[in-house]
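Written below as structure tokens is the structure these notes are about.
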Number of protein chains: 2
Amino acid sequence: MPRRADHEQRRAELTAALLRIASTRGLQAVTMREVAHEAGASLRVVQYYFADKATLLTAGLAELAGRLDRRVRGRAAAGTGLTVREAFEVVLGSILPTDDDSRADALAWAAYYAVALTDPALGAGGRNHPDALEAYLTARLERAQGEGDAPRELDARTEVVLLLALANGLTASVLGRQRGAGDALHVLRHQLDRVLGPPAS
Amino acid sequence: MPRRADHEQRRAELTAALLRIASTRGLQAVTMREVAHEAGASLRVVQYYFADKATLLTAGLAELAGRLDRRVRGRAAAGTGLTVREAFEVVLGSILPTDDDSRADALAWAAYYAVALTDPALGAGGRNHPDALEAYLTARLERAQGEGDAPRELDARTEVVLLLALANGLTASVLGRQRGAGDALHVLRHQLDRVLGPPAS
DNA sequence: AGCGTTCGGATACAAGCGTATCCACACGGC
DNA sequence: GCCGTGTGGATACGCTTGTATCCGAACGCT
């Protein structure tokens, strides 16, 4: 057998190049040739590792979902033993585009989201991600309510849906440059204060 | 002069066809030929009324912004003399995709929003719209505070930003079919109850 | 009535797209 | 050593795209 390239890494480089293009020039600028050029490879290489464009786009979405998942889990795990209030602030705050990397990912995510709305092929890949977050936060809040760390009269499901929608809406306005990340974080904290009470600190 | 067609109406038919395509198959499916076909016209007609594709897309965005503006203004004007709480529920509720028409418009809006994030040419056209709404709601809330109809300790600006982001986030989840319009409206009312108190009814 | 302007059908063209094919080269197992 | 397989460069094909052009038909004005 010939020089065996590391397929996994090669694929990762290509999907990373794809996401770079998607976050700066949009998904409609993602072509096989552009991905190849961005990754410093030839068109044939892109064809070699991804059978067709649909496969490539799906792989890009999977890579992106993995990144976001890693970001959320990483920050959440950074401080186990947090109060509900702190845990919610950390998790929801990790959704907001606070630095250049997370901003780029959020832009790519928005691009994928938009085409998934009308293209059912992409829909399946990204939909389970936010649902998992919703389930996790709901469980966390209900646990806190059971332990007396959160107001029992709250409907956990409603509050979580509200907070997730708020975080997504704030993300959209930050991406549109109507607001800075700091302002968005302030609004998010304001709502958390109101629902769960001020942070322990 | 020959048979003078009604340019205004002809343009409106074409942009309507454009938005129909954008909301069902996405903005990437909007081509000159597709718009012509959808409108039952020939390619030449589309070229005749819109110099190039950028002009066509901009006109589509303007038409869409006009529709949304009309929807909000229409509902807001339907009941002047509303309480703050009622006014906010009506205006913010009109953002949510509650029927097929508003759902189609919201889909088209999301598609335009996504490309505007990375294509600066489209950015200018749609950005002032939400800002105008934000200014209006902030002024309305501050007036209510002055008249004692809303808690004075609220930071009007923060609350309005929060509610608008919430409405946008809920819209996104309704479009993604993670939630029904009824659920979204329930969450929105829940937050309005918390901030402004229950409706007078 | 005729004419010039407005409207629109048919067609052409170059560019860019996804995809397919041909071919050179590297290299580990026999 | 050499051979077959994995890797990838170069190139081509058919299609769709935006845009341009040619030309016929309609109709108000004088």
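Note that the coordinates shown come from a computational prediction; the quantities given were computed from them, not determined experimentally.
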How does each nucleotide of nucleotides 9-22 of chain D score, in 5' to 3' order, for protein heavy atoms under 4.0 Å: base (B), sugar-phosphate only (S), or none (-)? BB------BBBBBB
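- Under 3.5 Å, the side chains of B/Ser173 and B/Arg179 contain a donor-acceptor pair of N or O atoms.
- At the phosphate of C/dC7, OP1 or OP2 sits under 4.0 Å from a side-chain N or O atom of B/His7.
- At a cut-off of 3.5 Å, with distance as the only test, a side-chain donor of A/Gln191 or B/Gln191 sits close to an acceptor on the other residue.
- Contact annotation: B/Tyr49 does not reach the phosphate of C/dC7 (side-chain N/O to OP1 or OP2, under 4.0 Å).
- Residue pairs satisfying the salt bridge (Lys or Arg N to Asp or Glu O under 4.0 Å) criterion with at least one member in residues 159-171 of chain B, sequence neighbours excluded, are listed as follows: A/Arg194-B/Glu159.
- For the residue pair B/Ser102 / B/Asp99, a side-chain donor-acceptor distance below 3.5 Å is found, with atom types taken as modelled.
- Sorted by first and then second residue, the pairs that involve residues 74-85 of chain B and meet salt bridge (Lys or Arg N to Asp or Glu O under 4.0 Å), not counting sequence neighbours, are B/Arg85-B/Glu89, B/Arg85-B/Asp193.
- Side-chain N/O atoms of B/Tyr48 include one lying less than 4.0 angstrom from OP1 or OP2 on C/dC7.
- Sequence neighbours left out, the pairs with a member in residues 39-64 of chain B that pass salt bridge (Lys or Arg N to Asp or Glu O under 4.0 Å) are B/Glu63-B/Arg67.
- Taken residue by residue, residues 17-26 of chain A places no heavy atom nearer than 4.0 Å to DNA chain D.
- A salt bridge links B/Arg157 and B/Glu134; the closest N-O separation between the charged side-chain nitrogens and carboxylate oxygens is under 4.0 Å.
- For A/Thr31, the side chain to side chain contact (heavy atoms under 4.5 Å, CB included) test picks out A/Arg33, A/Glu34, with sequence neighbours left out.
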